[in-house]
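None of these values were measured; they are calculated from a predicted model.
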Amino acid sequence: MKKGDLPKFPMPPVTVSRPRRQGQGDYSCALPLQIVRDVNNVLKAQQAGKLAPMQIGEILIKRLPDADFLDRAEVAKPGFINLYLSPAWLARQAHAISQDAAGYHRMDLGRGKKVQVEFVSANPTGPLHFGGARNAAIGDVLARLLENSGYQVQREYYINDRGAQMDTFAMTLWRRYQQLFGMDVEIPADGYPGAYMIEYAKKIKAEHGDSLLALPEDEIRPRFRELGLKLVLAELADDLAMMNVVFDNWFSEQSLYNDGTFARVYARLREQDDLYEKDGAVWFRASKYIGGDRDEVFVRSNGEPGYFASDMAYHYHKFIVRGFDWVINVWAVDHQNQAKRLPGALKAFGIEPERLTIVLYDLVTLKRGGKEVKISKRSGEIITMREVLEEVGADAARYFLLSHSNEARIDFDIDLAVAQSSENPVYYIQYAHARSASILRKAAGASLAPSAEHLDLLTCPEELALLRKMLQLPEVVVNAVEHLAPHHLPHYALDLAKTYTNFYGHCRVIVPEQKDLTEARLMLVQAAKATLAYALGLMGMSAPEVM
RNA sequence: GCCCCCGUAGCUCAGUGGCAGAGCAUCGGACUUCUAAUCCGUUGGUCGCAGGUUCGAGUCCUGCCGGGGGUGCCA
């Protein structure tokens, strides 16, 4: 800026935003409004009069540097500076995007940082219900977003293979097994009544026959726990694969006790005087690290470490043993208290709380024909993830689960979802992709190929709108990563598909008499197809060539 | 009691301090299509209520109201 245009004043950070409405530029900057007061205060002190925001804007845009992407800048009503992208520059982006869409849209936010996303981690005592599918969708898409933003990502499933619920699970399975041989026994009162337990028992029978009936009393529980766990984990992996979710690592809680991690953690906390005895239990001085006056039970009076102890040891393992720079846990809101306390508690190991981010999402209320289905273990009635995926498909289920913000509760009516699955917006998006593929196929058949020779012919409003929309994807990704909020993706993808379809409706691509224009538009179609595929890929959805 | 989340169009929900949006539903148009799973248009909102901060608040702050969750030697 030329000295003397404006007096010296405190300069705020300059930000631009995307105006919501057309006619306000591609980007808009409110700087004149933000600085007008400070500028005038200085001018007043100098007895040099006053400037209106509009005048300041005029002064500022005269000093904008030349840039090939910038067409023009203008000052608008109260005092905004509206910036317009150059159409020629926009058109050239079609080539850059179709060359390497992933590279074009990728932002290196992570710089190789090692991050773990731990998600689902449902108790391994039965099939995943549809609420767990939300966790799977959020966690998996967060992982995809981070992978595509320069992070080194590991997906982990934490197996709670320790504790009372596993014992109950084992004993229920044992009774179901016995029942298969006509024995008149009942499952434990607090057991798992679901029919799936009978299926597990049948599988055990198929493999082992009646040989397990003769197990010594003290071997029944560990043996059935082991057999059941194996079956459940295999089933979980299958179910998750149906939803296009694959874990890099399945981490056993029990292993923390087998490999000495818990013992080391215990010794360290003891040494730091962070543990004390009270009421027959061992307590952790949480208040020392988190504040407040509440401590946490570490080892229960029955000698069993509590969940807080396991979580401490588990995160010690993540950060100290495995060396992750950043860990993200995807938890349902019913763990909100633990989510608030655990990061602070890690200070006991010298781990900065900021390195653990817990993404909380609200529950999915399941309904069938308008009536709520209680997922109580007692009733044994659940809507499984598999059931839903078989009915509506993984892509539609993902779209539905992802399109709500994490904090919003979802009402899911399976009957409604099945009835409406064909009008799921995900098909609209995929259709736009398949249509692009079709055009490119047809063009190839007529010996027409995308070319960057005459991209300057892309001047229609619909063409430029499509280019602008594609340019927005990196911003959407950055926003989604910054807020760990995957729901921005489905909304953007629908928007992109809409913009594409609008272009398709207005601009005929293949016009043999106009070879130059056709080749330019084919380039645009190719870029749009790649961008749609990239967006769908970030959401873990398929991008079909034909529909 | 204290803490957290939600409250935006008929329905389901977006909205990073800058003139209230999308999908579905409604209503009216367009079909011998480069894939009609389409397009164009229409209807529809005192953004739960009341204050405050700000040039500007759906967005930030405070207090209410309504719904949900948390506050275990369960995880």
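To the nearest 0.5 Å, atoms OG (A/S542) and CZ (A/R398) are separated by 10.0 Å. With values rounded to the nearest 0.5 angstrom, A/N424 atom CG is found 9.0 Å from A/F400 atom CZ. With rounding to the nearest 0.5 Å, the separation of NE2 in A/H483 from NE2 in A/H488 is 6.5 Å.
We find that A/E118 and A/K318 are joined by a salt bridge, their nearest charged nitrogen and carboxylate oxygen being less than 4.0 Å apart. The existence of a salt bridge linking A/D495 and A/K469 is confirmed by a sub-4.0 Å separation between a basic side-chain nitrogen and an acidic carboxylate oxygen. A salt bridge links A/E277 to A/R270: one of the charged nitrogens lies within less than 4.0 Å of a carboxylate oxygen. Salt bridge status for A/R521 with A/E519: absent, with no side-chain N to carboxylate O gap under 4.0 Å.
Across all strands shown, A/A30 has heavy atoms under 4.0 Å from base atoms, whether or not it also approaches the sugar-phosphate. Residue A/E545 is classed as a base contact, given a heavy-atom separation below 4.0 Å to a base. Note on A/R521: nothing from the nucleic acid sits closer than 4.0 angstrom, heavy atoms only. Among the heavy atoms of the strands lying under 4.0 Å from A/V546 is at least one base atom, whether or not backbone atoms are also near. Contact annotation for A/F298: no contact, since no heavy-atom pair falls under 4.0 Å across all strands. Counting non-hydrogen atoms under 4.0 angstrom, A/C29 reaches nothing in the nucleic acid. Contacts of A/S405 with the nucleic acid, taken as non-hydrogen atoms under 4.0 Å apart, involve only primed sugar atoms and P, OP1 or OP2. A/S403 comes within contact range of the sugar-phosphate backbone alone, with a heavy-atom separation under 4.0 Å but no base atom that close.
Between A/H506 and the phosphate of B/C40, there is no side-chain N or O to OP1/OP2 separation shorter than 4.0 Å. Residue A/N479 places no side-chain N or O under 4.0 Å from the OP1 or OP2 atom of B/G15. Distances shown here put every side-chain N or O of A/R409 at or beyond 4.0 Å from the OP1 or OP2 atom of B/C6. Between B/C39 and A/K498, no contact under 4.0 Å exists linking OP1 or OP2 to a side-chain N or O. At least one side-chain nitrogen or oxygen of A/H487 sits closer than 4.0 Å to the OP1 or OP2 atom of B/G15.
B/A22 and B/U12 make up a base pair, with Watson-Crick or G-U wobble contacts both under 3.5 Å. B/C47 makes up no base pair with any nucleotide shown, lacking Watson-Crick or G-U wobble contacts both under 3.5 Å. Using Watson-Crick or G-U wobble geometry with both donor-acceptor distances under 3.5 Å, B/G7 finds its partner in B/C65. With a 3.5 Å ceiling on both atom-pair distances, the Watson-Crick or G-U wobble partner of B/A30 is B/U38. In this structure, B/U53 makes no Watson-Crick or G-U wobble pair, since no nucleotide meets both defining distances under 3.5 angstrom. Under the Watson-Crick or G-U wobble criterion, with both distances below 3.5 Å, B/G1 is paired with B/U71.
Nearest nucleotide to the side chain of A/L494, out of B/C34, B/A14, B/G23: B/G23.
Separating the CG atom of A/L496 from the P atom of B/G23 is a distance of 14 Å, rounded to the nearest angstrom. B/A22 atom P lies 13 Å from atom CG of A/N502, rounded to whole Å. Going from atom CG of A/N82 over to atom C1' of B/G18 covers 11 Å, rounded to whole Å. The distance between atom NE2 of A/H404 and atom P of B/G15, rounded to the nearest whole Å, is 12 Å. Rounded to whole angstrom, the span from the CD atom of A/E407 across to the P atom of B/A14 amounts to 9 Å. Rounded to whole Å, atom P of B/C4 lies 18 Å from atom CG of A/N406. Taking atom CZ on A/F400 and atom C1' on B/U12, their separation rounds to 8 Å, with Å as the unit. As rounded to whole Å, 15 Å separates atom P of B/C34 from atom CD of A/Q514.
Taking atom C1' in both B/A25 and B/U32, the straight-line distance is 31 Å, to the nearest Å. Across the C1' atoms, B/G58 and B/A9 are found 14 Å apart, a figure rounded to whole Å. Across B/U62 and B/C5, the matching P atoms stand 11 Å from one another, rounded to whole Å. Here the separation of B/C49 from B/G44, taken at their C1' atoms, is 23 Å to the nearest Å. Nucleotides B/C19 and B/C65 have their P atoms positioned 33 Å apart, rounded to a whole Å. For the C1' atoms, the distance from B/C4 to B/A20 is 28 Å, rounded to whole Å. Taking atom C1' on both B/G70 and B/G63, the two are 22 Å apart, rounded to the nearest angstrom. Atom name P, nucleotides B/C64 and B/C2: the rounded distance is 8 Å, in whole Å.
Two rings, from A/H317 and A/F251, have their centers less than 6.0 Å apart. For A/W250 and A/Y157, the gap between ring centers is short of 6.0 Å. Checked against a 6.0 Å centroid threshold, the rings of A/Y314 and A/Y158 count as neighbours. Centroid-to-centroid, the aromatic rings of A/F247 and A/F119 come within less than 6.0 Å.
The stretch residues 429-438 of chain A touches RNA chain B through A/Y431, A/A434, A/R435, A/S438, each having a heavy atom under 4.0 angstrom from the strand.
Nearest-nucleotide mapping onto RNA chain B: of A/H488 and A/T501, the residue sitting toward the 5' end is A/H488.
Residues A/R134 and A/V364 share a closest heavy-atom pair of CD-CG2, 3.7 Å.
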- In B/S/- notation, 5' to 3', how is nucleotides 69-75 of chain B contacted by protein heavy atoms closer than 4.0 Å? BSS-BSB

- Task: Would you please test A/V477 and A/S149 for side chain to side chain contact (heavy atoms under 4.5 Å, CB included) and show each step?
- Result: CA-CA 8 Å; A/V477 170; A/S149 303; 3.6 Å; yes

